[in-house]
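So the structure is just underneath, and the comments pick up after that.
Heavy-atom basis, side chains included; hydrogens, waters and symmetry copies ignored.
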Amino acid sequence: MIYEGKQKIWSEYQKEIPDDHYFYVRSCIRQSFFPASEATFLDITRNKLGKDIFETEHHTTCGGIAYHSDTIPQETVMTIIARQFALMAKNGYENYVCSCITSFGLYCETMETWREFPELEAKIRENLWKSCKLEFAKPKFLIHASDLIYKYRKLIAAQAVRKLVNVHTGEPLKVVEHIGCHYSKMFPSKGVGGAEYPYVLVGMIEAWGGEIVDYPERRHCCGFGFRQYFIKGNRGYSLSNTHKKFESMEPFKPDLIITNCPGCPYFLDRWQYVIAESTGKTYGQDGHGIPALTYEEVAGLVMGYDPWDLGLQTHQVGVEPLLDKMGVEYDPAKKYLGKNGKDIGAPAPCSCLK
Amino acid sequence: MGKLYDLLMKDYRLKEGLNACINCGTCTAICPAAEFYRYDPRRIVDIVQSKDDEEIEKLLKSDTIWYCGECMSCVTRCPRKNAAGLIIMSLRNLSIELGYFIESEKGRQQYLLTKDLCSNILDYGYCVYPRRFDYAGHPEAGRVWEWEEKHLDDVFERLGGNLDGKGPGAMRRIPQEDLEQIRNIFDITGATERMENVRKAGEKKAAELGMTVEEFSEMVYKQSDPKHLNH
Amino acid sequence: MTPLYQFLAAQAEVPEVIDRIPSGYSHFVIPFTIGITFFLCWIGVGCVRLLAAIPRNDRIRFWKSLFIPKTIVKNLKDLFGDCLFHLKIWQRKPLLGYMHSAIAFGWFMIIVLGHIEVALFVPARLNVSRGGLFYPIFYRYFVWMNPGHTTLKGSFFFFLMDFFLLYILTGIGLAVFKRFRSIVLGMRHTTKPSLADRIALYSLWLIFPLRLLAESFTADLSGGSFLTVGVNHFWHFLFGDKLMFLPFWWAYSISLGLFFVAMPFSRYMHILTEVLWILLRNAGIKPHHPRKGVAEAEIYACSSCGLCLDACPMNVQKKNLKYSSVYFIRFLRRHNEKKINAIADKCLMCDKCHALCPVGVDAPALRRAQRITVNNSLPYDYSYLPSAVSAGQLSGPGRVHPRFAAAEYGLSPAADPAGAQKPEVLYFAGCMTHLTPRIIKAVEKVFKAAGVEYAFADREGGICCGRPLMLAGKTEAAAKVIEANKKMIEESGCTTLVLSCPICYKIFREEYHLEGIKVVHYTQFINDLIASGRLPVSKSDEKIVYHDPCELGRGCNVYFEPRAALDQVGTLVKAAKEYDESICCGGSLGSLTLDTRDRAKISESSLDNLLANSPETIVTACPLCLKTFSEAVSNSKHKYIRVTVKDFAEVICR
Amino acid sequence: MVDFGFGLVPSSRMNLDLFDKEKYEELAEIEPDVRICMACGSCTAVCTAGKYTRTSLREAIEDIKNAKPEKALEMLRACQLCGKCSMVCPRGINTRHLILSITKVYSAK
Amino acid sequence: MKNNILIIGGGPAGLEASAQLQRMGYNVILIEKDSVLGGHLAKWDRLFPDGVPADEVLSGLIHGTEGVKLFTETEIRAINRLEKSYNVRLTNGITVLSDAVLIASGFDLFNAVKKEEYGYGIYDRVITNADLEAYFKNGSDKRIDHPKRIGFVHCVGSRDEKSGCRSCSKVCCATAVKQAIEVKESFPDAEVFCFYMDLRLFGRHYEDLYLKAQKEYGVRFIRGRVAEVSENIDGSLVIKAEDTVASKPLKATMDLLVLMSGMRPSVSGKAVGDLLEMTVEEDGYFAVRSGIAAGQRSPLPGLFLAGAATGPKTLPETLADARAAAVEIDRYLTEIFPDARNYKQLVRERW
């Protein structure tokens, strides 16, 4: 692998990311499964970086999952998106930051389609007026939340209390990145680093002291596939795609997987559990899995957030070996406590995955 | 010739996604679905561009168009700037509009998907809503979800969420007026009509098969014929 | 000193022949005795073993056949005709025929006459215990001829013995000459002898000259006729009275002994095996295995004469000589599996070597038997066949295949199922004809012109006839295909089945056993149409040469009908070689391994053969030949520029 | 082991790394024509068996080269060796011998 | 008076045209931006279809240019169009008054780095056709270390709208087949694969080359564009494509991957064209007066084109094109150019 070659490509895909005043929209999946990640993201941006990032209670789903499950027409999803844009404009913002990759891709696609077919944009404008009496303005900048963390990766590194380094050996942690498919595969120029060698997560890992691991199936989809997951009869597809990725990364012995898509950490985490429970195979050391974390969680870890505040307990793959390697202090007893130390029990143990 | 093709061409996704395919196979080469289903996106694009209505109709009624996971990996690599994924989406769209989807095992799944996802959006403003994501239906969500499901309020509170709460935050209750607006959008853009049609088609199919709606739903949720796979 | 014979001549009371050596034995007979004993044991054991390897039923059939008068007559005819007179070789190559018959018949006569002499003059010596094994052979050494008492009978035998010895010697002379200048005898190629062959050959060459020497040296004692006595005088003239004759008798014995020891390992074994093969063949027993049982008799019946070398179309290239039947048989004898397989697979199965073989060795059948041993285990799955051939389903009382019922044939079963007629004539085009649609078009045109009501069995394409499978040795698979086709044809209710492909024709005729259905090739069918006046034809002066397709001519013995028909429409000219000597077009399905280039060479030689008398048109009656020739003619060669290749039916109905 | 109601699905991706070079060379030794196929499909177009089954010599050759000989064998089981393919092959491949050779080489354990 | 003719580009087209024009008695000035003549030919080892050494062909071409004024490492600084001629200032300080200008600026090889998914410049064992030629010529390349499996990817930067080139580069199929044979000769144990979209082996003997590659060298041809290349832990490459004939995705591990970089319009040629205000077509190559009837004339009078400047060509086509251009220039200079009074009208009629 020739690092300089990649650098050259990265240098060609540098998208402009605005400095401040962001309009934030949430991700359905991330909110449901990793609420702490979004909370951490907002905390870092607002309190650690001192940026203006605004969230309105009136924003909704973009409808992307329903759209990509082919349950709602294109016009419907575009009108919902137009409504989101209208909320942004109404609140005086023009830098649109979304937490979800599906949304991000969909926004990019929508804007591109409107650009190519202005009559469609006009139609949507009309739809929005008819349904909500709202008018929208297209955002000036459309960015994914991970773009923002990427932009401030060095500032975060400066505030970091630890690095992505094995404190026992001094070696950098081997980190695998996984980019959501809709981040840049459709529009390579819309993603930091392009589609083939995206830099958005690599930049964070480098800045925070980790060692990036490139393995053959890096670009492969996690296998969510929308309808391929929601219907039980289709889940073999979803599972098999993740399995393929893990089989490919196994020889590289990664310590950690970092993702920027809401669904991917869920699938890369849970499918390890299913593979372990149904075939007995695990990919981490000594029967453990490989933790698949969100970029917010990783940022939180290096900045010294408590792992249980970051919601690392909601991953099925245990994170303790990783925390040990990084030298993160944690109280195992507090892992599954509710708010204010309330005892709400703990998940049943797995039969295979440690 | 080309009636179905003309219908397809009304779809902006097809307009964007189809630019004279040269059958090079880059899409299939990296397609996650082509690896695990009996599926070849290149063939689909080729059939669509043939404008052969008979073949297109076969497609619309087949399982084939439902294998794609819409990851859009194909878009990156196509040397002709085609988007097999978008073509699939417009085929699915037409299959649903014409009611053909109910003919195939995989297409039929739209009945459940439409019901669940659309009601999530209309009821809560989210595509996914944790209180409707049950461990029983999703054993793969793991022991940790089994635990979370029982203590959703506590977990969300602990993790800085705002489950069903007022104001902004993760999983907040979205104000009713916003949900009304979403419903209006659904009505105006044809989503409501589609939901209805899909529901009716599903119920009709259930009746045809001599099943109750519950039995039908159960079957659609779990059924998976090995014929979909390569062996 | 007075010569002994003059002295004895005076004693008139002495018998005509006297045992010169009372013991009737001399050491020199040992080599011969050993040789002949070994040889007789060998063939005795061989016969028993060979007959034991034949299936029981066949064996019984064989023994029975020996007592059926008709077979007895045929056996005698064949034995004399093939083994002694070599009539088949005479027919093709008179000089070669003379050579073979001189040696075979001459030797046979010498042995027979020798024994008759012994029986007449010293009958006691025929007893084996008194030297019966060797005595008749060396008769002239052991006896003293009373010169005074030479009877007419004695002189007669002396004359015959000398005559046949001379006869043999001329044959040997030719054989020696042939070895060095084979082309003189009409053979372009000749076989390469093995070591045993050489030993046997050289001893065979020596036997008769040595016999002449030995007998001539003793001729003054034992008598002789014009040859031996004449030579004897010459010796006396040369060496005086003291003749040392014993060494020559030794040499003669040794050469005989050597020959008999080498014979079982040499091609000369054919001299005897041929007898057995003729008996077995005439009993109607077919080989089931390329090396065991009847086949063993067959392969040892081969004289390695090499006639098949020139017959084989592959030998247009010298590198292919080794694929000829004579070598195939040699390797079969030597059990050289690798070479056997390679040769078996290479053959075009044109059957010419069989047609030309002086002893009727059916080498193509042996090759097929060999293919069976190799390929028989190949898996096949023909479960689709029944549905393939009954795709349209035979239906209605008239059971007319809907596919047959197109209005243009005057059949209308669909409209009037009760009145549906059976198609009298069913035409089956076959796979290869479908690749040459011009034949179908021409055949249908002929049918229409002659007003033939027919149905077309495989208009929409059918399945294979099974012959290619058969040729490849997949007999069992072929049976499945045959079964499926047979059912379809029988259900059609036709009474005549017309085939335009000789490949189909051969297998339909031989393996289908269609009860009550006349199976004809379209050349025959059309010739009948012309003969009966149903098909009007007009003669032109187009110079036509007819190519006999292998499967039709040699395969099914159809030579007359196509020529008779063609004679009505054009002027037939001769090819250099025709009828059973016709040269395969090179496209044959028989060969499994022959490559395109080799085939092209064969096509070229076949074309050259056809063009001997500058015809304008080459007519053939096989889709494969048609396609092969058409391509070969169009492929290059300016010499073919003036000739067109046509199908038989095309020429008949212009 | 837990039953989730679904499981891993076999991959259809052909893996050329599994290609058995030795076996292929063995085949090419007895029938070198296997190398020169250019996948034009003429053989399949005229195939007698192919009219009723999925038999395709072109595909069978592909399958051999794509490390799926068992599929080739299965496909060739329907072949009647009629020889039409050999008549139409533009490269003059000795198809019948190739079929017999494939069966011979790849059937052998 | 001898006419001055300026030829821009010292590749095969420029060399051949200057030799022809020199023989016709013109005063030929040939400029080349590089220090050596021959263009891409100088970097090639052997030529398809019969493996003639490139050096041999090149030295023959150079040999023919005796008498031509050659300026290497020379470019054009400025061009002034006078009424009938061009006043050209060269970077070496010389000014030429040229009656006709021939642009033989050739082509650039597609920069394979741009096909990001193939990882040229990123993966250690991905090389281009040019790299392989250099290896054949010089005998060493650290990326080529007894490879056991070698893949050739056709159409890299050709027939690919993503990399800005819809057209076929014409020579890569034959080059790939040639190189596949050569590489097999160098590494007889290796398995060699060619991944193609269509095999465009149109020229005389090209199909024979293809057959030879299959028959004698056992090169495997797979119809399918390589979609993705990635690197294994041991540095070997995993390639993914669809075997479109089998309609199945495939993967294979390779020890060496050769990208058949296609032809792109020459960047420096474009700069010259800009100075001359020449039009380029959508594909980036110079426009000609008429693709069929006047393929060597530019839309501007007195400006001629030869070789790959007007689109991908094989070497024999380039040479033929150069000879044709020489004839065209000769016709222009003898028929149209000298007739001062009717010059404009003649140009209108006959250009």
Side-chain angles (χ1 to χ4, degrees), chain A residues 1-14 112 116 174 176-179 181 183-200 202 211-221 223 237 240-241 243-255 283, chain E residues 109-128 130-131 141-145 149 151 153 156-157 160-165 225-242 248-259 261 267:
Chain A
M1 202 79 71
I2 305 158
Y3 184 74
E4 295 74 22
K6 280 190 181 177
Q7 274 183 315
K8 228 169 128 187
I9 287 176
W10 292 330
S11 66
E12 282 176 19
Y13 290 98
Q14 286 302 333
E112 183 63 25
E116 211 174 315
K174 287 189 192 153
V176 153
E177 39 124 12
H178 178 85
I179 304 287
C181 289
Y183 175 67
S184 60
K185 279 185 179 172
M186 289 184 282
F187 303 100
S189 64
K190 300 273 162 55
V192 176
E196 301 295 345
Y197 311 93
Y199 190 56
V200 62
V202 173
E211 182 196 330
I212 195 73
V213 168
D214 196 351
Y215 65 107
E217 296 296 350
R218 167 176 58 78
R219 300 146 164 130
H220 199 78
C221 173
Y237 160 98
S240 302
N241 277 299
H243 177 251
K244 177 176 156 168
K245 288 182 73 72
F246 276 97
E247 287 293 314
S248 172
M249 75 172 81
E250 190 183 14
F252 294 84
K253 298 190 170 64
D255 297 304
Y283 293 93
Chain E
L109 270 179
F110 172 74
N111 178 8
V113 170
K114 295 209 164 136
K115 267 322 263 181
E116 292 165 25
E117 60 266 44
Y118 297 160
Y120 180 63
I122 291 177
Y123 303 138
D124 295 319
R125 301 189 200 164
V126 179
I127 65 170
T128 64
D131 296 339
D141 187 323
K142 65 175 171 37
R143 295 170 292 189
I144 304 172
D145 181 24
R149 290 161 77 93
V153 184
V156 176
D160 181 359
E161 308 221 2
K162 288 273 171 59
S163 52
C165 181
R225 190 187 180 89
V226 170
E228 186 177 291
V229 181
S230 41
E231 203 178 66
N232 270 325
I233 196 158
D234 63 356
S236 60
L237 303 159
V238 185
I239 61 116
K240 287 184 194 169
E242 180 193 359
K248 283 266 178 300
L250 65 78
K251 69 170 174 186
T253 310
M254 298 285 164
D255 299 321
L256 182 68
L257 196 67
V258 186
L259 307 180
S261 276
V267 171

Item checked: CE on A:M1 to CD1 on E:I233, rounded to 0.5 Å -> 10.0 Å
Next item on the list: For side-chain contact (heavy atoms from CB on, under 4.5 Å), just list the numbers for E:I122 and A:D214, CA-CA rounded to whole Å, side-chain angles, deciding distance to a tenth of an Å, and then say yes or no.
Entry: CA-CA 11 Å; E:I122 291 177; A:D214 196 351; 5.8 Å; no
Item checked: Side chain / backbone / both / neither for E:V229 at chain A, heavy atoms under 4.5 Å -> backbone
Note to self: Looking at A:K244, I want to see if its NZ is surrounded by more than 12 non-hydrogen atoms of other residues, nucleotides or ligands under 6.0 Å.
What the structure shows: yes
Which atom pair, heavy atoms only, marks the closest approach of [X] to [Y]?
X	Y	result
A:R219	E:S230	NH1-CB, 4.0 Å
A:I2	E:G121	CB-O, 3.3 Å
E:E116	A:Y197	O-OH, 2.6 Å

Item checked: Verdict with reasoning, A:E217 to E:K240, per side-chain contact (heavy atoms from CB on, under 4.5 Å) -> CA-CA 11 Å; A:E217 296 296 350; E:K240 287 184 194 169; 2.4 Å; yes
